[in-house]
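One structure is given below, encoded as structure tokens.
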Amino acid sequence: MLKKKEGIEIEGIFRIYNPLFLESLLKKSSDDYRKHRFHISISELGIIQDNREFYFVKKAIENFFEYRFSKTILVQLNRRENLLEIGEIHMKKRITYRFPYEKYDSYYEVIKEINDLVDVDGVCGVFANNIYYCLEAGIIVETNSNFEQIKQVAERAGMEVDYSFGIEELTVGMSHRQYNNVILRAGHDIEGIKLSLAPLFSFPSKKNIEENNYSVKTITKKKIFVSYSHNDKNVVRKIISDLRDYGLDFWIDEEQIDVGDRLMERIDEGIRQADIPIVFLSESTKNAMFAKHELLSFFTKVIYQQSSKKSWFIVKLDQVNPNDIVFGLGDFKYIDYSESCIEEIAQAIERKIKKTNNYRF
């Protein structure tokens, strides 16, 4: 039996088992308590001194909703504000976002922003896979509140949604020693986020590596953009194949542009990525739209270069007059394919690349 030492407080708490009293209290607390989350001031019941007393109150309210309305509700005690928080339990919305493992320290602010938006009974967990061959990281969210805002924050930060992965899959992966995981506490400040995530990642971020004077960039050969008329495709393809035997690296449209790509966008991207162009001129070039576009792009940049060492390489395939394609083009030195072998062309390209080491289109 309960002792009488609590006196009036205990009697006040047990009034909640009276359906009439409870219903009047709920109506007083919310105009529509059957549908919306609401709270009751503990002072309306008396002081809830311990978990035992809270248990009785919780069960009384749960039973009232279950038997009267066939609803399952959540009752939480907020001692800081002296409130009982009450709301119907709904299936939480769930989503998983991925972010690059090597950039995890760039996402602290974003993770904090998402964690702040998750409701009090929701879940915000960050996970990492530290196995060498499949490094991965992400955040799993379960919440009933602010879901659209959370999606906006994640997508604005460049996170990618992953509908194939959630808490159940994470749990299975953890049982196979694939993942580390941390559930973030509500209200973490940025330092708290950093401290919580520190044990999660076994390897330093890319930023950390670079700050310690290591380079993470892959060193590659100079790339040569191939500009030609498609009427000359067969002969150009043969020349490029032979030049590759001398260790040269080329960007050529038929290898880089996929079905469905925007041609001009991909060509312009290739021009920007290339270190030097090789331009094949022929009679066909006069009427080739894409070849003329590329040629004019290179020609304009060459004209405005300050150095007298021009960063392009011209090969003439037939007897075309370069000035008939673009006026002034004939002023530039070119290689005549009919008078040169592949080895000579390869040597000339190597010399040009060495002279233009610091220039990129």
Side-chain angles (χ1 to χ4, degrees), residues 1-96 113-125 139-154 161 163 166-171 181 183-188:
M1 290 180 62
L2 289 174
K3 295 180 181 180
K4 293 278 291 182
K5 67 176 183 178
E6 292 90 349
I8 296 172
E9 285 81 6
I10 283 290
E11 290 178 10
I13 287 170
F14 275 91
R15 285 184 301 168
I16 207 163
Y17 279 93
N18 182 332
L20 295 176
F21 169 76
L22 181 54
E23 187 165 20
S24 67
L25 181 60
L26 296 176
K27 287 180 177 178
K28 181 179 177 181
S29 302
S30 171
D31 292 334
D32 198 0
Y33 65 86
R34 292 176 56 184
K35 295 183 179 178
H36 298 292
R37 191 181 182 108
F38 64 100
H39 62 263
I40 298 174
S41 172
I42 292 174
S43 63
E44 298 284 345
L45 299 169
I47 299 171
I48 297 178
Q49 295 186 353
D50 54 33
N51 289 335
R52 178 192 60 174
E53 295 174 6
F54 172 61
Y55 173 80
F56 292 130
V57 172
K58 178 176 174 351
K59 293 307 293 182
I61 297 174
E62 288 175 347
N63 290 340
F64 177 85
F65 275 87
E66 182 177 353
Y67 296 127
R68 182 71 68 88
F69 307 117
S70 299
K71 291 180 179 291
T72 302
I73 53 110
L74 177 72
V75 181
Q76 297 185 111
L77 177 60
N78 184 336
R79 287 196 176 276
R80 187 179 62 182
E81 299 183 27
N82 290 318
L83 298 174
L84 283 177
E85 297 174 338
I86 303 169
E88 186 176 356
I89 295 177
H90 299 277
M91 181 178 178
K92 293 183 178 67
K93 292 185 177 181
R94 305 173 179 180
I95 198 162
T96 299
E113 191 172 354
I114 291 174
N115 188 50
D116 289 344
L117 289 169
V118 174
D119 57 28
V120 67
D121 57 331
V123 173
C124 182
I139 183 168
I140 295 177
V141 173
E142 291 192 359
T143 185
N144 283 323
S145 303
N146 305 317
F147 194 70
E148 291 304 317
Q149 288 176 263
I150 288 169
K151 289 167 67 175
Q152 290 171 11
V153 169
V161 65
Y163 292 110
I167 287 181
E168 292 79 7
E169 292 70 30
L170 175 62
T171 302
N181 177 54
I183 302 299
L184 298 177
R185 177 178 56 79
H188 263 319

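The residues of the chain are indexed from 1 along the displayed sequence. Note that these values count all heavy atoms, side chains included, but never hydrogens, waters or copies made by symmetry.
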Item to check | Test item: Ile140 and Val123 side chains (from C-beta on) under 4.5 Å apart, heavy atoms | outcome: no
Checklist entry - When you measure from the side chain of Asn82 to the backbone N and O of Ile42, does any donor-acceptor pair fall under 3.5 Å? => result no
Next on the checklist: Ignoring hydrogens, what is the shortest heavy-atom contact between Ser29 and His39? Give both atom names and the distance.
Outcome noted: CB-O, 3.5 Å
Checklist entry - In Å and rounded to the nearest 0.5 Å, what is the CD1 to CD1 distance from Ile114 to Ile150? => result 7.0 Å
Checklist entry - Is there side-chain contact between Val161 and Ile95, with at least one heavy-atom pair below 4.5 Å? => result yes
Next on the checklist: Please find the pair of heavy atoms, one from His188 and one from Asp116, that lie closest to each other, and give the distance.
Outcome noted: O-OD1, 4.2 Å
Checklist entry - Phe64 and Tyr17: side-chain contact (heavy atoms from CB on, under 4.5 Å), yes or no, with the steps? => result CA-CA 8 Å; Phe64 177 85; Tyr17 279 93; over 6 Å; no
Checklist entry - For the side-chain contact (heavy atoms from CB on, under 4.5 Å) test, which of Glu142, Arg94, Lys93 pairs with Phe147? => result Lys93
Item to check | Test item: Leu77 and Leu84 side chains (from C-beta on) under 4.5 Å apart, heavy atoms | outcome: yes
Checklist entry - Would Phe21 and Leu26 satisfy side-chain contact (heavy atoms from CB on, under 4.5 Å), going step by step from the backbone distance to the final call? => result CA-CA 9 Å; Phe21 169 76; Leu26 296 176; over 6 Å; no
Checklist entry - Passes side-chain contact (heavy atoms from CB on, under 4.5 Å), Asn181 versus Leu170? Steps please. => result CA-CA 8 Å; Asn181 177 54; Leu170 175 62; 3.5 Å; yes
Checklist entry - Of all heavy-atom pairs between Asp119 and Ser145, which one has the smallest distance, and what is that distance? => result OD2-N, 3.1 Å
Item to check | Candidate pair Gln76 and Lys58, rule side-chain contact (heavy atoms from CB on, under 4.5 Å), full reasoning | outcome: CA-CA 8 Å; Gln76 297 185 111; Lys58 178 176 174 351; over 6 Å; no
Checklist entry - So, do Val141 and Val118 sit near enough that their side-chain heavy atoms are less than 4.5 Å apart? => result yes
Next on the checklist: What I'd like to find out is whether the side chain of Thr143 reaches to under 4.5 Å of the side chain of Leu117, using heavy atoms alone.
Outcome noted: no
Item to check | Those residues that, when tested against Ser41, pass side chain to side chain donor-acceptor pair (under 3.5 Å) (two or more places apart) | outcome: Ser43
Next on the checklist: Would you say that Lys27 contacts Glu23 through its side chain, given a criterion of any heavy-atom pair below 4.5 Å between the two side chains?
Outcome noted: yes
Checklist entry - Can you tell me how far the CG atom of Asn115 sits from the CZ atom of Arg185, to the nearest 0.5 Å? => result 9.0 Å
Checklist entry - Where do Ile139 and Cys124 come nearest, in terms of heavy atoms and distance? => result CD1-SG, 3.7 Å
